[in-house]
Amino acid sequence: MASARSDTHGGAAAVPAFTAHKILVAGGFGAGKTTLVGAISEVRPLQTEEALTTASIGLDDLTGVGAKTTTTVALDFGRITLGARIVLYLFGMPGQERFSFMWDELAYGALGAVILADVRRLGDCFPSVNYFEKRQLPFVVAVNCFDDAPSYDPQEIRQALDLDPGNPLVLCDARDVASVKGVLITLVETIASRRSARAGAASGRIATTRAPASRFGQ
Amino acid sequence: MTERPADDAWPQRESGPVVRPYAVTGGRTTGPGDGEPLTLLTVLVATGRPLPTDDPARLAPEHHRLLSLCGQQVTLADLAADTALPLGVVRVLVADLTELEAITVVGQRSADQRTGNDVLQEILNGLRAL
(Lines give C-alpha, C1' and ligand atoms only; values in the text may rest on other atoms or scores of the structure.)
Protein backbone atom coordinates (compact mmCIF):
# COMPACT_ATOMS: atom_id res chain seq x y z
CA MET A 1 0.00 0.00 0.00
CA ALA A 2 1.30 3.38 -0.91
CA SER A 3 -0.20 5.36 1.95
CA ALA A 4 1.31 5.25 5.40
CA ARG A 5 -0.73 3.50 8.01
CA SER A 6 -1.70 6.63 9.84
CA ASP A 7 -5.43 6.34 9.57
CA THR A 8 -7.60 7.85 12.27
CA HIS A 9 -7.91 4.56 14.11
CA GLY A 10 -4.17 4.27 14.25
CA GLY A 11 -3.89 7.83 15.48
CA ALA A 12 -6.56 7.42 18.12
CA ALA A 13 -5.00 4.20 19.34
CA ALA A 14 -1.93 6.06 20.57
CA VAL A 15 -3.83 7.72 23.41
CA PRO A 16 -5.11 5.49 26.19
CA ALA A 17 -8.78 6.16 26.88
CA PHE A 18 -8.49 4.87 30.43
CA THR A 19 -6.06 3.41 32.91
CA ALA A 20 -6.74 -0.07 34.20
CA HIS A 21 -5.99 -1.10 37.77
CA LYS A 22 -6.24 -4.47 39.41
CA ILE A 23 -7.33 -5.58 42.83
CA LEU A 24 -7.40 -9.24 43.74
CA VAL A 25 -10.11 -10.92 45.75
CA ALA A 26 -8.60 -13.98 47.34
CA GLY A 27 -9.78 -16.53 49.84
CA GLY A 28 -10.76 -20.12 50.27
CA PHE A 29 -13.58 -22.00 48.64
CA GLY A 30 -16.93 -20.65 49.71
CA ALA A 31 -15.48 -17.66 51.52
CA GLY A 32 -17.59 -15.29 49.44
CA LYS A 33 -15.45 -14.05 46.56
CA THR A 34 -18.20 -14.41 43.97
CA THR A 35 -20.66 -12.68 46.25
CA LEU A 36 -18.31 -9.81 46.96
CA VAL A 37 -17.41 -9.21 43.35
CA GLY A 38 -21.03 -9.53 42.31
CA ALA A 39 -22.18 -7.04 44.94
CA ILE A 40 -20.13 -4.21 43.54
CA SER A 41 -19.97 -4.86 39.83
CA GLU A 42 -21.14 -6.98 36.95
CA VAL A 43 -19.82 -10.50 37.21
CA ARG A 44 -18.77 -12.27 34.07
CA PRO A 45 -16.60 -15.25 34.80
CA LEU A 46 -13.20 -15.34 33.22
CA GLN A 47 -12.26 -18.71 31.82
CA THR A 48 -8.89 -20.17 32.43
CA GLU A 49 -7.39 -23.62 32.46
CA GLU A 50 -6.87 -25.93 35.37
CA ALA A 51 -4.84 -29.08 35.43
CA LEU A 52 -7.15 -32.05 35.75
CA THR A 53 -6.82 -33.88 39.01
CA THR A 54 -7.09 -37.63 39.27
CA ALA A 55 -10.34 -37.08 41.14
CA SER A 56 -11.96 -35.46 38.15
CA ILE A 57 -10.73 -37.93 35.58
CA GLY A 58 -13.35 -40.40 36.62
CA LEU A 59 -16.06 -37.84 35.92
CA ASP A 60 -14.90 -36.61 32.54
CA ASP A 61 -14.61 -39.32 29.97
CA LEU A 62 -11.41 -38.49 28.19
CA THR A 63 -11.08 -41.57 26.07
CA GLY A 64 -9.90 -40.46 22.69
CA VAL A 65 -8.90 -37.00 23.87
CA GLY A 66 -5.40 -38.25 24.34
CA ALA A 67 -3.02 -36.18 26.35
CA LYS A 68 -5.53 -33.50 27.29
CA THR A 69 -4.74 -32.61 30.84
CA THR A 70 -6.58 -29.39 31.54
CA THR A 71 -10.14 -28.32 31.94
CA THR A 72 -11.59 -24.85 32.01
CA VAL A 73 -12.17 -23.06 35.27
CA ALA A 74 -14.25 -19.97 35.79
CA LEU A 75 -12.68 -17.08 37.69
CA ASP A 76 -14.63 -14.27 39.25
CA PHE A 77 -14.18 -11.05 37.36
CA GLY A 78 -15.57 -7.64 38.02
CA ARG A 79 -15.20 -4.16 36.71
CA ILE A 80 -15.87 -0.81 38.34
CA THR A 81 -15.60 2.36 36.29
CA LEU A 82 -14.49 5.25 38.47
CA GLY A 83 -14.79 8.55 36.67
CA ALA A 84 -14.00 9.08 33.03
CA ARG A 85 -10.58 7.53 32.85
CA ILE A 86 -10.13 5.00 35.59
CA VAL A 87 -11.31 1.43 35.54
CA LEU A 88 -10.81 -0.85 38.50
CA TYR A 89 -10.77 -4.56 37.81
CA LEU A 90 -11.44 -7.16 40.45
CA PHE A 91 -9.99 -10.61 39.87
CA GLY A 92 -11.04 -13.53 41.99
CA MET A 93 -8.08 -15.55 43.06
CA PRO A 94 -8.93 -19.09 44.13
CA GLY A 95 -7.15 -19.77 47.38
CA GLN A 96 -6.64 -23.49 47.07
CA GLU A 97 -3.03 -24.55 46.64
CA ARG A 98 -3.78 -26.40 43.46
CA PHE A 99 -4.49 -23.07 41.78
CA SER A 100 -1.19 -21.56 42.83
CA PHE A 101 0.18 -21.93 39.31
CA MET A 102 -2.04 -19.03 38.24
CA TRP A 103 -1.43 -16.75 41.21
CA ASP A 104 1.62 -15.02 39.74
CA GLU A 105 -0.17 -14.10 36.57
CA LEU A 106 -3.21 -12.85 38.47
CA ALA A 107 -1.05 -10.88 40.88
CA TYR A 108 1.12 -9.26 38.22
CA GLY A 109 0.79 -5.48 38.49
CA ALA A 110 -1.97 -5.66 41.09
CA LEU A 111 -2.47 -2.76 43.50
CA GLY A 112 -3.29 -5.09 46.33
CA ALA A 113 -5.65 -7.77 47.52
CA VAL A 114 -8.70 -8.38 49.63
CA ILE A 115 -8.42 -11.73 51.37
CA LEU A 116 -11.81 -13.00 52.39
CA ALA A 117 -11.76 -15.07 55.54
CA ASP A 118 -14.43 -17.43 56.81
CA VAL A 119 -14.01 -17.96 60.54
CA ARG A 120 -15.47 -21.43 60.20
CA ARG A 121 -12.60 -22.37 57.91
CA LEU A 122 -9.91 -19.90 58.74
CA GLY A 123 -7.10 -22.10 57.51
CA ASP A 124 -8.42 -21.82 53.97
CA CYS A 125 -7.03 -18.32 53.70
CA PHE A 126 -3.54 -19.15 55.02
CA PRO A 127 -2.11 -19.85 51.54
CA SER A 128 -3.31 -16.45 50.33
CA VAL A 129 -1.92 -14.62 53.36
CA ASN A 130 1.42 -16.37 52.94
CA TYR A 131 1.51 -15.63 49.25
CA PHE A 132 0.84 -11.90 49.54
CA GLU A 133 3.25 -11.51 52.43
CA LYS A 134 5.92 -13.22 50.40
CA ARG A 135 5.14 -11.09 47.35
CA GLN A 136 5.00 -8.02 49.57
CA LEU A 137 1.70 -7.01 48.05
CA PRO A 138 -0.56 -4.87 50.25
CA PHE A 139 -3.65 -6.66 51.47
CA VAL A 140 -6.62 -6.40 53.76
CA VAL A 141 -8.18 -9.38 55.46
CA ALA A 142 -11.96 -9.10 55.36
CA VAL A 143 -13.79 -11.45 57.66
CA ASN A 144 -17.01 -12.34 55.92
CA CYS A 145 -19.76 -12.46 58.48
CA PHE A 146 -21.83 -15.54 57.76
CA ASP A 147 -25.10 -15.74 59.68
CA ASP A 148 -24.34 -19.05 61.33
CA ALA A 149 -20.72 -18.38 62.12
CA PRO A 150 -19.59 -17.78 65.67
CA SER A 151 -18.35 -14.26 66.21
CA TYR A 152 -14.78 -13.82 67.25
CA ASP A 153 -12.89 -10.86 68.52
CA PRO A 154 -10.97 -9.41 65.56
CA GLN A 155 -7.82 -9.48 67.68
CA GLU A 156 -8.21 -13.24 68.12
CA ILE A 157 -8.47 -13.65 64.37
CA ARG A 158 -5.43 -11.45 63.83
CA GLN A 159 -3.45 -13.69 66.14
CA ALA A 160 -4.72 -16.84 64.48
CA LEU A 161 -3.55 -15.46 61.14
CA ASP A 162 -0.34 -14.07 62.60
CA LEU A 163 -0.96 -10.81 60.80
CA ASP A 164 1.55 -8.01 60.82
CA PRO A 165 0.24 -4.82 62.44
CA GLY A 166 0.47 -3.12 59.05
CA ASN A 167 -2.19 -5.37 57.54
CA PRO A 168 -5.73 -4.32 58.39
CA LEU A 169 -8.36 -6.82 59.37
CA VAL A 170 -11.95 -5.72 58.92
CA LEU A 171 -15.36 -7.30 59.22
CA CYS A 172 -17.59 -7.28 56.18
CA ASP A 173 -20.75 -8.57 54.65
CA ALA A 174 -19.87 -9.64 51.13
CA ARG A 175 -23.51 -9.26 50.07
CA ASP A 176 -23.67 -5.60 50.95
CA VAL A 177 -22.40 -2.99 48.48
CA ALA A 178 -21.63 -0.44 51.17
CA SER A 179 -19.66 -2.99 53.15
CA VAL A 180 -17.68 -4.09 50.09
CA LYS A 181 -17.02 -0.46 49.20
CA GLY A 182 -15.64 0.03 52.69
CA VAL A 183 -13.26 -2.89 52.31
CA LEU A 184 -11.90 -1.59 49.00
CA ILE A 185 -11.50 1.88 50.44
CA THR A 186 -9.61 0.47 53.42
CA LEU A 187 -7.29 -1.34 51.04
CA VAL A 188 -6.52 1.68 48.88
CA GLU A 189 -6.06 3.85 51.98
CA THR A 190 -3.62 1.30 53.32
CA ILE A 191 -1.64 1.38 50.10
CA ALA A 192 -1.57 5.17 50.09
CA SER A 193 -0.54 5.53 53.72
CA ARG A 194 2.21 2.94 53.37
CA ARG A 195 3.67 4.91 50.52
CA SER A 196 3.69 8.18 52.39
CA ALA A 197 5.17 6.45 55.42
CA ARG A 198 7.91 5.07 53.24
CA ALA A 199 8.46 8.40 51.55
CA GLY A 200 8.54 10.13 54.92
CA ALA A 201 11.04 7.65 56.32
CA ALA A 202 13.24 8.01 53.28
CA SER A 203 13.26 11.80 53.26
CA GLY A 204 13.59 12.21 57.00
CA ARG A 205 16.06 9.33 57.28
CA ILE A 206 13.99 8.00 60.16
CA ALA A 207 15.36 4.72 61.41
CA THR A 208 12.66 2.10 61.79
CA THR A 209 12.79 -0.95 63.95
CA ARG A 210 11.20 -3.02 61.22
CA ALA A 211 12.88 -4.80 58.37
CA PRO A 212 13.85 -2.71 55.30
CA ALA A 213 11.26 -0.52 53.67
CA SER A 214 10.70 -3.00 50.88
CA ARG A 215 8.98 -5.21 53.44
CA PHE A 216 5.95 -3.00 53.08
CA GLY A 217 5.56 -3.78 49.43
CA GLN A 218 4.94 -1.68 46.40
CA MET B 1 -13.54 -54.89 8.25
CA THR B 2 -12.82 -52.34 10.94
CA GLU B 3 -15.42 -51.94 13.59
CA ARG B 4 -16.94 -48.59 14.34
CA PRO B 5 -15.35 -47.25 17.48
CA ALA B 6 -17.49 -47.50 20.55
CA ASP B 7 -19.21 -44.27 21.50
CA ASP B 8 -16.98 -43.75 24.47
CA ALA B 9 -13.89 -43.81 22.26
CA TRP B 10 -14.83 -40.40 20.93
CA PRO B 11 -14.56 -37.18 22.93
CA GLN B 12 -17.86 -36.59 24.59
CA ARG B 13 -19.89 -33.56 23.66
CA GLU B 14 -19.46 -32.35 27.20
CA SER B 15 -15.73 -32.13 26.71
CA GLY B 16 -16.25 -29.73 23.80
CA PRO B 17 -15.17 -26.68 25.75
CA VAL B 18 -12.08 -28.60 26.80
CA VAL B 19 -11.03 -29.67 23.34
CA ARG B 20 -12.34 -26.98 21.03
CA PRO B 21 -10.53 -23.86 22.24
CA TYR B 22 -7.12 -25.22 21.39
CA ALA B 23 -8.46 -26.56 18.14
CA VAL B 24 -9.10 -22.89 17.35
CA THR B 25 -5.48 -22.03 17.93
CA GLY B 26 -4.35 -25.08 16.01
CA GLY B 27 -2.93 -26.51 19.18
CA ARG B 28 -0.77 -23.46 19.79
CA THR B 29 -0.35 -22.27 23.31
CA THR B 30 1.94 -19.37 22.52
CA GLY B 31 1.60 -16.55 20.04
CA PRO B 32 3.86 -15.46 17.21
CA GLY B 33 6.67 -14.81 19.60
CA ASP B 34 8.24 -11.44 19.31
CA GLY B 35 6.30 -8.56 20.69
CA GLU B 36 5.39 -7.62 24.19
CA PRO B 37 3.76 -10.17 26.45
CA LEU B 38 0.03 -9.75 26.75
CA THR B 39 -1.04 -9.36 30.36
CA LEU B 40 -4.55 -9.36 31.76
CA LEU B 41 -4.72 -5.57 31.74
CA THR B 42 -3.04 -4.93 28.40
CA VAL B 43 -5.25 -2.41 26.63
CA LEU B 44 -6.03 -3.20 23.00
CA VAL B 45 -7.89 -1.55 20.18
CA ALA B 46 -8.61 -2.25 16.53
CA THR B 47 -6.40 -0.36 14.13
CA GLY B 48 -9.01 -0.19 11.39
CA ARG B 49 -6.77 -2.16 9.10
CA PRO B 50 -8.84 -4.91 7.50
CA LEU B 51 -7.99 -8.56 7.99
CA PRO B 52 -6.32 -10.28 5.05
CA THR B 53 -8.70 -12.05 2.74
CA ASP B 54 -6.09 -14.02 0.89
CA ASP B 55 -5.84 -16.83 3.40
CA PRO B 56 -9.18 -17.04 5.16
CA ALA B 57 -8.46 -20.53 6.46
CA ARG B 58 -5.90 -18.99 8.79
CA LEU B 59 -8.52 -17.11 10.71
CA ALA B 60 -11.18 -18.65 12.87
CA PRO B 61 -14.56 -17.11 13.66
CA GLU B 62 -13.10 -16.40 17.07
CA HIS B 63 -10.51 -14.06 15.53
CA HIS B 64 -13.29 -12.04 13.95
CA ARG B 65 -15.31 -12.08 17.12
CA LEU B 66 -12.43 -10.73 19.13
CA LEU B 67 -11.72 -8.08 16.55
CA SER B 68 -15.34 -6.95 16.62
CA LEU B 69 -15.00 -6.36 20.37
CA CYS B 70 -12.01 -4.09 19.89
CA GLY B 71 -13.84 -1.17 18.33
CA GLN B 72 -13.29 0.60 21.65
CA GLN B 73 -10.28 0.18 23.87
CA VAL B 74 -10.58 -2.97 25.94
CA THR B 75 -8.32 -5.07 28.11
CA LEU B 76 -7.37 -8.67 27.46
CA ALA B 77 -9.42 -9.58 30.51
CA ASP B 78 -12.49 -7.88 29.03
CA LEU B 79 -12.08 -9.90 25.85
CA ALA B 80 -11.74 -13.15 27.74
CA ALA B 81 -14.82 -12.41 29.82
CA ASP B 82 -16.92 -11.32 26.83
CA THR B 83 -16.04 -14.30 24.68
CA ALA B 84 -15.95 -16.90 27.45
CA LEU B 85 -12.81 -18.32 25.88
CA PRO B 86 -9.98 -19.48 28.12
CA LEU B 87 -7.37 -16.82 28.75
CA GLY B 88 -4.64 -18.83 27.08
CA VAL B 89 -6.67 -19.09 23.90
CA VAL B 90 -7.54 -15.38 23.87
CA ARG B 91 -3.90 -14.51 24.33
CA VAL B 92 -2.87 -16.58 21.30
CA LEU B 93 -5.67 -15.21 19.11
CA VAL B 94 -4.94 -11.62 20.11
CA ALA B 95 -1.27 -12.16 19.37
CA ASP B 96 -2.29 -13.37 15.90
CA LEU B 97 -4.36 -10.22 15.39
CA THR B 98 -1.57 -7.93 16.55
CA GLU B 99 0.81 -9.63 14.19
CA LEU B 100 -1.66 -8.97 11.39
CA GLU B 101 -1.78 -5.36 12.62
CA ALA B 102 -5.53 -5.57 12.98
CA ILE B 103 -5.18 -4.86 16.70
CA THR B 104 -2.63 -2.74 18.49
CA VAL B 105 -1.54 -2.50 22.09
CA VAL B 106 -2.46 0.90 23.49
CA GLY B 107 -0.99 0.94 26.93
CA GLN B 108 1.03 -1.51 28.87
CA ARG B 109 2.41 -0.89 32.29
CA SER B 110 5.44 -2.86 33.27
CA ALA B 111 5.49 -4.47 36.67
CA ASP B 112 7.78 -1.86 38.15
CA GLN B 113 5.67 1.04 36.98
CA ARG B 114 3.56 1.74 39.99
CA THR B 115 0.24 3.50 39.95
CA GLY B 116 1.06 7.09 40.80
CA ASN B 117 -0.08 8.63 44.06
CA ASP B 118 -2.35 11.04 42.25
CA VAL B 119 -4.12 8.19 40.48
CA LEU B 120 -4.37 6.35 43.79
CA GLN B 121 -6.16 9.38 45.18
CA GLU B 122 -8.49 9.42 42.19
CA ILE B 123 -9.31 5.77 42.82
CA LEU B 124 -10.03 6.56 46.45
CA ASN B 125 -12.26 9.48 45.51
CA GLY B 126 -14.03 7.36 42.92
CA LEU B 127 -14.72 4.57 45.39
CA ARG B 128 -16.04 6.97 48.01
CA ALA B 129 -18.36 8.49 45.43
CA LEU B 130 -19.84 5.12 44.40
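Order of the sequence lines sets the chain letters (A, B, ...), proteins ahead of strands, with each chain counted from 1.
- Listed by first and then second residue, the side chain to side chain donor-acceptor pair (under 3.5 Å) pairs that reach into residues 118-130 of chain B are A/Glu189-B/Arg128, B/Gln121-B/Asn125, sequence neighbours excluded.
- In terms of heavy atoms, B/Gln73 sits closest to A/Val15 at NE2-O, 2.9 Å.
- Across every non-hydrogen atom of B/Thr75 and A/Ala20, the tightest pair is CG2-CB, 4.1 Å.
- With sequence neighbours excluded, the residues satisfying ring pair (Phe, Tyr, Trp, His ring centres under 6.0 Å) with A/Tyr131 are A/Trp103.
- The two residues A/Ile185 and B/Leu124 have their closest heavy-atom pair at O-CD1, 3.8 Å.
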Take A/Ile40 and B/Leu130, measure what side chain to side chain contact (heavy atoms under 4.5 Å, CB included) needs, and give me the verdict at the end. CA-CA 9 Å; A/Ile40 198 151; B/Leu130 272 182; 4.1 Å; yes
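- Closest approach of A/Tyr108 to B/Thr39, counting heavy atoms only: CE2-CG2, 3.6 Å.
- For the options B/Ala80, B/Ala77, B/Gly126, heavy-atom pairs under 4.5 Å to chain A are most numerous at B/Ala77.
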Side chain to side chain contact (heavy atoms under 4.5 Å, CB included) between B/Leu120 and A/Leu111, worked out: CA-CA 9 Å; B/Leu120 216 46; A/Leu111 283 178; 4.1 Å; yes
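- Chain B is approached within less than 4.5 Å, heavy atom to heavy atom, by A/Phe77, A/Arg79, A/Ile80, A/Leu82, A/Ile86, A/Leu88, A/Tyr89, A/Phe91 from residues 75-92 of chain A, ordered by number.
- Between A/Lys22 atom NZ and B/Leu40 atom CG the span is 4.5 Å, to the nearest 0.5 Å.
- Applying the salt bridge (Lys or Arg N to Asp or Glu O under 4.0 Å) test to A/Glu105 and every residue at least two apart in sequence or in another chain returns B/Arg91.
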